[in-house]
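One-based numbering, in listed order, for ligands and for the atoms of each. Nothing fancy with the numbering, it's 1 onward along the sequence.
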Amino acid sequence: MLSFVALALCSLVSHAQAHYTFPSLIVNGVTTPAWTNVRQTNNFNSQAPVLDVTSADFRCYDSATAGTASTIAVAAGSTLGIACDQTIYHPGVVNVYMAKAPTGNVSTFAGDGAVWFKVYQISAVTNGGTSITFPAQNVPSVSFTIPKSLPTGQYLVRMEALALHAATTFQGAQWYISCGQISVTGGGSGTPGPLVSIPGVYTGYEPGILLNIYYPIPANYTQPGPAVWKG
Ligand SMILES: *[C@@H]1O[C@H](CO)[C@@H](O)[C@H](O)[C@H]1NC(C)=O
Ligand SMILES: *[C@@H]1O[C@H](CO)[C@@H](O)[C@H](O)[C@H]1NC(C)=O
Ligand SMILES: [Cu+2]
């Protein structure tokens, strides 16, 4: 059995290549150019993660870049993808949140307040303590259906890939984040929720954020954040 020290060392050694960003959306099967419909993040060069879930950068990670983007139309009921610049290298889970621009123009929407709902997640698979696997690991993108009943309007779409290889200590979990801008067309009259603030949704002490995924193998895994709104 590999020791925890060996695993930790391995994750340090491989770290330069291990980081990633989410610079593109996939709309109607077409991957958008990097940082066109996604606000450019502070780590566009370093690819370094956010560690503090209470920092302002936990929302869209663009305090240094003041990232702007153009807004792309996506039909309600269609598939939206979010693409990584490589693959999601680390073991971990994914949450995608959305927030509707109250003014109708998402370009000027900061995402303040309890305005975010979860639209998609990829959790860990456990079986009572003999194995834990991460379906989001090593994939180049994630995709999900924009609910048909989501109201028409402009939205931020926030990708959150939580890497858990070093999550044994507080703020050891790594967050890879970016915010895209979409205009949902042909939507319905649903009421998305529960609504949360970001930052604010996590403390960093949740059982799915502060844990050792290696030993003992977790018997179960609790996905952080609210339930997914399915429309
Ligand atoms: C939305 O706001 C941006 C930034 O201020 C502006 O450039 C753009 O023209 C606005 N779009 C609309 C449709 O008003
Ligand atoms: C597993 O479930 C127990 C009981 O609900 C809970 O206390 C614990 O935090 C969970 N573990 C993880 C890693 O989510
Ligand atoms: Cu990394």
His90 NE2 and Tyr176 OH subtending at the Cu ion (ligand 3) (10° steps): 100°
Distance-only N or O hit between ligand 2 and Asn220, under 3.5 Å: yes
Numbered atoms of ligand 2 (with element) below 4.0 Å of Pro207, judged on heavy atoms: 9 (O), 12 (C), 13 (C), 14 (O)
Per-atom contacts of ligand 2 with Tyr221, taking only distances under 4.0 Å to non-hydrogen atoms: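 Answer for ligand 2: 14 (O).
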Euclidean distance, Ile146 CD1 relative to Tyr120 OH, rounded to 0.5 Å: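 One finds 12.0 Å between OH of Tyr120 and CD1 of Ile146.
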Are side-chain N/O atoms of [X] and [Y] paired as donor and acceptor at under 3.5 Å?
{"X": "Asn43", "Y": "Ser46", "value": "no"}
{"X": "Glu160", "Y": "Tyr202", "value": "yes"}
{"X": "Asp62", "Y": "Thr41", "value": "no"}
{"X": "Asn95", "Y": "Gln223", "value": "yes"}
{"X": "Asp57", "Y": "Ser63", "value": "yes"}

Cation-pi geometry met for Arg158 and Phe58 (6.0 Å, 45°): yes
Side-chain donor or acceptor of Asn37 paired with backbone N/O of Gln181 under 3.5 Å: no
Show me a pair-per-line table, with atom names and distances to 0.1 Å, of protein N or O atoms that are under 3.5 Å from an N or O of ligand 1.
| residue | atom | partner | partner atom | Å |
| --- | --- | --- | --- | --- |
| ligand 1 | 2 (O) | Asn105 | OD1 | 3.4 |
| ligand 1 | 2 (O) | Asn105 | ND2 | 2.4 |
| ligand 1 | 11 (N) | Asn105 | ND2 | 2.9 |
| ligand 1 | 14 (O) | Asn105 | ND2 | 3.4 |

Parallel, tilted or perpendicular, as decided by the 30° and 60° cut-offs, for the rings of Phe117 and Tyr155: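 Perpendicular.
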His19, N/O/S atom nearest the Cu ion (ligand 3): ND1
The Cu ion (ligand 3) reached by His165 (N, O or S, under 2.8 Å): no
